[in-house]
Amino acid sequence: MLDPRILADDPDLVKAHLMRRNADDGLIHSVDEFGALTSQRNALIAEGDELRSARNTLSKQIGGLMREGKRDEAEQIKAKVAAGKDRIAAIDGELETIETQRHALAMAIPNLLHDDVTPGNGEEDNVEEHRWGTPRPDTTDSHVEIAERLGILDGERSTKIAGARFAVLRGAGARLERALINFFLDVHTNEHGYEELMVPYIAHRSVLEGTGQLPKFEKDLFKLEGGLNGQDAFLIPTAEVPVTNLHGGEILDAASLPIKYTAFTPCFRSEAGSAGRDVRGLIRQHQFHKVEMVWFVAPEDAEAAHEALTGHAEAILQKLGLPYRKMTLCGGDISFAAHKCYDLEVWLPSQGTYREISSCSNFGTFQARRMGLRYRPEPVNGKKSKPRAAATLNGSGLAVGRTLVAILENYVQPDGSVMIPEALRPWMGGIKSIVPSA
RNA sequence: GGAGUCGUGACCGAGUGGCCGAAGGUGCUGGAUUGCUAAUCCAGUGUGGGGUACAACUCCACCGAGGGUUCGAAUCCCUCCGACUCCGCCA
């Protein structure tokens, strides 16, 4: 959520950002609606407060008169108070309607963009920052062929359980998935200073609203029928959701920042609207594994944190020797809640192209405002500071399934075996390669 | 699943219809004092919103959440959520 003051007081600024995002007219118009509702709201609040103030004064008088035993006088004042009662109720009713609308509008307006984010229509307009590593010159079989030849992926039987977009890994394949998870977590906790978390994989509606998946993108989520603990509930699409919301509603101590968490979770996505895309293999699944990094920082430190966090994801790719490039997403491709976003794309030799394996976003104070996450800055001149919205960031470090794909394709040997990157071998029980099982 | 206790400010903890935005304590901040540390004393110390210069000031709301009763509710009633204890069940 944007700062409601900016939204109401500087509509032109907000609209300019929406244009850079390629937003439709309805959304742009909603900024003006928000402004109009805010004026109405403020007028009603002023009137209501005045009436309430009068009522409070009179009620106090009643209390005094009752104690003195002057019942008749008290009754007279009661009648006066009763006169204003209906108007107060009417104002509260109107106000509730307006606040509901206003909140709905505010929740549907995406974040402001960083100056580095260029206008654009979609993926094709993203800006490449740099490349690392040298892609192998040849084209390989896809990871599906490689894995099935090795007997580590059971493409046929997986559909028995839940249909398309699920996988069954076996033997060294399952081991490789698990090794990657542990490798990622160990690097982030031991070398990058993160605290590891294990979190719930189900989240309430309000939690998804906090990070920005809702209210706009409900169709992308798996919803639990009947809800949970009395509220609507969904399977998490990323660890970002439970981890970022961990401090929702809190006022953090400035001294505790930055807070850096890493968490492994499965991620569940309906992939509505991507029918026909990446149907074969492990690239696009309804359920996949990911290790996520999440930061909480003071807003002025967010940019530096964004670079550091992205560097931590890059470090993993480099350790694994996987060629990649770093992209800055354009206004047409960046997500709803993000202020600025880098995608890391890994080289897939079978496709002859780079594919997203990590997305590292700086949300500024957008998510924090939605979930009531604040921090108290250090005192200024001995005076206690007011709480301010904190900044949040997150990034994949990395998507596990896609890393497994990248390893299979980048390390497949002419004999069909797959070499294990040296850095990963300790997590694979020391084996140097996966060879076809007899 | 059954039975019970309970949800108050950064924390602990009073408060059963008006004088409570909320005693007291702890913590924190500033000051005084003490030749060090400790101690002592004084003062200050919630959040959100409206008006105004997003100042001073002032008004309104907030005692788990949402409703209700009342001239008036932290205090009474209802629903929900959450925590804890005991029993049962279970990985």
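Below, chains carry the letters A, B, ... as their sequence lines are ordered, and counting in each starts from 1.
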To the nearest Å, how far apart are [X] [atom1] and [N] [atom2]?
| X | N | atom1 | atom2 | result |
| --- | --- | --- | --- | --- |
| A:Asn42 | B:rC59 | CG | C1' | 14 Å |
| A:Leu58 | B:rC19 | CG | P | 15 Å |
| A:Glu50 | B:rU52 | CD | P | 13 Å |
| A:Asp92 | B:rC62 | CG | P | 11 Å |
| A:Arg388 | B:rU47 | CZ | P | 15 Å |
| A:Glu73 | B:rC71 | CD | P | 19 Å |
| A:Arg41 | B:rG51 | CZ | P | 8 Å |
| A:Ile6 | B:rC54 | CD1 | P | 15 Å |

* When you measure from the side chain of A:His339 to the backbone N and O of A:Leu112, does any donor-acceptor pair fall under 3.5 Å? ->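 Yes: the side chain of A:His339 pairs with the backbone of A:Leu112.
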Taking the side chain of [X] as its heavy atoms from C-beta onward, which of [options] lies nearest to it?
| X | options | value |
| --- | --- | --- |
| A:Arg55 | B:rG48, B:rC60, B:rA61 | B:rA61 |
| A:Ser53 | B:rC59, B:rG50, B:rC81 | B:rC59 |
| A:Lys386 | B:rG48, B:rC60, B:rG18 | B:rG48 |
| A:Ile45 | B:rG46, B:rC59, B:rG49 | B:rG49 |
| A:Asn229 | B:rC71, B:rU47, B:rG82 | B:rG82 |

Looking at [N], which nucleotide sits across from it as a Watson-Crick or G-U wobble partner, both distances under 3.5 angstrom, or is there none?
| N | value |
| --- | --- |
| B:rU29 | B:rA43 |
| B:rA74 | none |
| B:rU34 | none |
| B:rC90 | none |
| B:rU79 | B:rA65 |
| B:rG21 | none |
| B:rA3 | B:rU85 |

When we call it a touch if two heavy atoms are under 4.0 Å apart, what does [X] touch: a base, just sugar-phosphate, or nothing?
| X | result |
| --- | --- |
| A:Lys80 | nothing |
| A:Asn56 | sugar-phosphate |
| A:Ile62 | base |
| A:Asp253 | nothing |
| A:Ala82 | nothing |

Under-4.0 Å salt bridge between [X] and [Y]:
| X | Y | value |
| --- | --- | --- |
| A:Arg284 | A:Glu271 | yes |
| A:Glu218 | A:Lys223 | yes |
| A:Arg376 | A:Asp253 | no |

* To do: Please work out which of the three classes, parallel, tilted or perpendicular, describes the rings of A:His247 and A:Phe296, given edges at 30° and 60°.
  =>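 Rings of A:Phe296 and A:His247: perpendicular, over 60°.
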* **Plane angle bin for A:Trp295 and A:Tyr194 - parallel if under 30°, tilted between 30 and 60°, otherwise perpendicular** =>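 Ring orientation of A:Tyr194 relative to A:Trp295: perpendicular.
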* So does A:Arg374 get a side-chain nitrogen or oxygen closer than 4.0 Å to the phosphate oxygens (OP1/OP2) of B:rG48? ->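 Yes.
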* To do: Verify the contact: side-chain N or O of A:Arg52 to OP1 or OP2 of B:rG72, cut-off strictly under 4.0 Å; return yes or no.
  =>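 For B:rG72, neither OP1 nor OP2 has a side-chain N or O of A:Arg52 closer than 4.0 Å.
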* To do: Would you tell me whether A:Ser270 and A:Lys219 have side-chain atoms, one donor and one acceptor, within less than 3.5 Å of each other?
  =>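 Note: A:Ser270 and A:Lys219 side chains miss the donor-acceptor criterion.
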* Hey, which of these two, A:Lys85 or A:Gly48, hits RNA chain B nearer its 5' end, going by closest nucleotide? ->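 It is A:Gly48, whose closest nucleotide lies nearer the 5' terminus.
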* Asked: On RNA chain B, nearest-nucleotide positions of A:Ala43 versus A:Arg376: which is more 5'?
  ->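 It is A:Arg376, whose closest nucleotide lies nearer the 5' terminus.
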